[in-house]
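Working notes, structure below.
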Amino acid sequence: MPEYIQIKDVAKYASQEVLIKGWVYQKRSSGKLHFLQIRDGSADIQAVIFKNDVSEEVFELGDKIALESSVEIVGVVNEHKRSKIGYEISVRDMKLISDGEGYPITPKEHGVAFLMENRHLWLRSPRQRAILRVRNEIIKSIRDFFYEKGFTLVDAPIFTPSACEGTTNLFETTYFDTKAYLSQSGQLYMEAAAMALGKVYCFGPTFRAEKSKTRRHLTEFWMVEPEMAFCDLDGDMALAEEFVEYIVQSVVAKCRDELEVLERDISKLENIKRPFPRISYDEAIEILKKNGHEDIKWGDDFGGDEETVISEQFDRPVMIHHYPAECKAFYMKQDEQNPKTVKCVDMIAPEGYGEIIGGAQREENIDILLEKLKANNLSEEAFEWYLDLRRYGSVEHAGFGLGIERTVSWICGLHHVRETIPFPRLMDRIKP
RNA sequence: UCCUCAGUAGCUCAAUGGCGGAGCAACCGGCUGUUAACCGGUAGGUUGUUGGUUCGAGUCCAACCUGGGGAGCCA
């Protein structure tokens, strides 16, 4: 039996006989020869079956085989100029492992609803595989970045006793004889961890029971949340832009083939270099007034339309800082110069992809924090442990959260975040 | 939750209120270099559900179900 190899390694076996195992994802026939496109997960290659090279049974199998059947192929690796991988395989023997008869997804067009019903199979298509590979690279670059910067990964809990921010709707679940909620953010726990380890981050799933039906929303999504002790808003913004530059440039360097499959304009990604523009909320309001949003007034939060108008003024992500306090969460630090604003920052991705980062310097003054809790109708009791962080050695600290799916969506140039996660959870969809 | 659009063959879509069709997939046949291959043939239907208007409803009306797009909220 020849050596079992992965398709990505065929170049090392030119002119040799090898064994490959994979799935038939496309087939064409021309009388006395069949062309089977084979996928093994590592790469794709064309297998060619000449009638005279194989037994009658194998040639018959090549003719009848259904798409997405799994097979073992023994053949010789030959150069082939028209092939993307540079080689094709001349089949000597082929064995059916399992029949793919009736596979519902064809190489023709399908609607979104049908593909979502068949998400477990849709993952096999080239486009979906490319997206998952980019997502993988993004996640790897995130972990590398924080590791190199001396951050410690600290996992936040998923069951929580109450809302972190007190604003969004949470998924409620039964926790023995009491209620618990699925976490909407690990941030408060990271603030505790930062007082122990200095620079920390968490990376896990988050849950929001908002009835949002837009291309930017999932009910279950992944978020990475760094938190730094002895850090102010400027330090926070500096980290955020270095972080996003690092992620984008890692993908550009490592995922060229995938970006090509996705027909992404790579030059737009190559351009994502520091420094990113920083504008205040006040400046953002001025931009909006000059660009068709004359009605906007100080104190209004920005919706998708507004974000797009602002992002269109720049060719890289833009950071908007110092929002009105009333738009933002209770824990954000009040600005000393203008107490109506807080030391926060949102990073808006270019090309209309919306907010990918929300962050802030945190309020470390316990008296102001107590007032904010009261103003937001949040119970002091539930936040006792959080207040302890201000009672014992409180320091300036800041952090942010980056949404993985929106980042994948932007970098891949997708229309909807549902394709950025293997099994999306949406308001009206929890299957498959 | 609200606004909006849609639901017809396995898939993508046609069909003026008057005999439900096409392309792809499937199946049968042809082709020694195909790249969404091509050529010929066969089969495939409770038109989302319930009710209503009408001589007659895929088509008009109502409610419901399912899904798409968007808003608010957010990452």
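The structure displayed is predicted, hence computed values, not measured ones. Heavy atoms only: backbone and side chains are in, while hydrogens, waters and symmetry mates are out. Throughout, a chain's letter reflects where its sequence line sits, starting with A, and its residues are numbered from 1.
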Pairwise C1' distance, B/A37 and B/G48 [rounded to whole Å]: 37 Å
For RNA chain B, the dot-bracket pattern of Watson-Crick and G-U pairs whose distances stay under 3.5 Å, | for other-strand partners: (((((((..((((....[..)))).(((((.......))))).....(((((..]....))))))))))))....
A/Glu79 CD: over 12 foreign heavy atoms closer than 6.0 Å: no
A/Arg82 side-chain proximity, nearest of B/C74, B/G72, B/U34: B/U34
Sugar-phosphate, base or nothing in reach of A/His34, heavy atoms under 4.0 Å: nothing
Nearest-Å distance once atom P is located in both B/U1 and B/C55: 40 Å
Nearest to side-chain heavy atoms of A/His80, which nucleotide of B/G69, B/U35, B/C74: B/U35
Heavy-atom donor-acceptor pair, A/Glu88 side-chain to B/G33 base, under 3.5 Å: yes
Aromatic-base stack, A/Phe221 on B/A75, cutoff 5.5 Å, angle under 30: yes
Residue A/Arg418, side-chain heavy atoms: nucleotide from B/G69, B/G33, B/A71 that is nearest: B/G69
Over 12 non-hydrogen atoms of neighbours within 6.0 angstrom of CZ in A/Phe314: yes
Criterion salt bridge (Lys or Arg N to Asp or Glu O under 4.0 Å) on A/Glu56 and A/Lys51, from CA distance to verdict: CA-CA 8 Å; A/Glu56 219 169 279; A/Lys51 193 175 173 66; over 6 Å; no
Interatomic distance, A/Leu414 CG vs B/G69 C1' [rounded to whole Å]: 17 Å
Same-atom distance (C1') from B/A6 to B/C64, integer angstrom: 16 Å
Nearest atoms (heavy-atom pairs only) where A/Met94 meets A/Ile49: CE-CD1, 3.8 Å
Below 4.0 Å: OP1/OP2 of B/C38 and any side-chain N or O of A/Arg28: no
Selection from B/U32, B/A26, B/G72 that lies nearest to any side-chain heavy atom of A/Glu101: B/A26
Out of B/U12, B/C31, B/A71, whichever nucleotide has its closest atom nearest the side chain of A/Ser30: B/C31
Aromatic ring pairing A/Phe330/A/Phe383, orientation class (parallel under 30°, perpendicular over 60°, tilted between): perpendicular
Touch class at under 4.0 angstrom, heavy-atom based, for A/Ile357 against every strand present: sugar-phosphate
Criterion salt bridge (Lys or Arg N to Asp or Glu O under 4.0 Å) against A/Glu241, the qualifying member of A/Arg278, A/Lys273, A/Arg316: A/Arg278
Spatial distance of atom CG (A/Asn136) from atom CD (A/Glu258) [nearest 0.5 Å]: 9.5 Å
Sugar-phosphate, base or nothing in reach of A/Thr106, heavy atoms under 4.0 Å: sugar-phosphate
Any A/Gln26 side-chain N or O less than 4.0 Å from OP1/OP2 of B/A37: yes
Separation of the C1' atoms in B/C65 and B/A22, to the nearest angstrom: 29 Å
Any N/O donor-acceptor pair, A/Ser212 side-chain to B/C73 base, under 3.5 Å: yes
Donor-acceptor pair under 3.5 Å, A/His110 side chain vs B/C11 base: no
Whole-Å P distance, B/G7 and B/C13: 10 Å
d(CG, A/Asp44; P, B/U34) in whole Å: 20 Å
Sugar-phosphate, base or nothing in reach of A/Lys51, heavy atoms under 4.0 Å: nothing
Sugar-phosphate, base or nothing in reach of A/Asn52, heavy atoms under 4.0 Å: base
From B/C74, B/U1, B/G33, nucleotide with atom closest to A/Arg406 side chain: B/C74
Test side-chain contact (heavy atoms from CB on, under 4.5 Å) applied to A/Trp23 and A/Asp44, step by step: CA-CA 10 Å; A/Trp23 295 264; A/Asp44 301 345; over 6 Å; no
Below 4.0 Å: OP1/OP2 of B/G69 and any side-chain N or O of A/Arg216: no
From B/G68, B/U32, B/U34, nucleotide with atom closest to A/Val112 side chain: B/G68
C1' atoms of B/C27 and B/G33, separation to the nearest Å: 26 Å
Rounded C1' spacing from B/A43 to B/C24 in Å: 15 Å
A/Lys32 side-chain proximity, nearest of B/A71, B/U32, B/G67: B/U32
Spacing of A/Met427 atom CE and A/Lys211 atom NZ [to the nearest 0.5 Å]: 6.0 Å
Rounded C1' spacing from B/G45 to B/G21 in Å: 11 Å
Touch class at under 4.0 angstrom, heavy-atom based, for A/Thr206 against every strand present: nothing
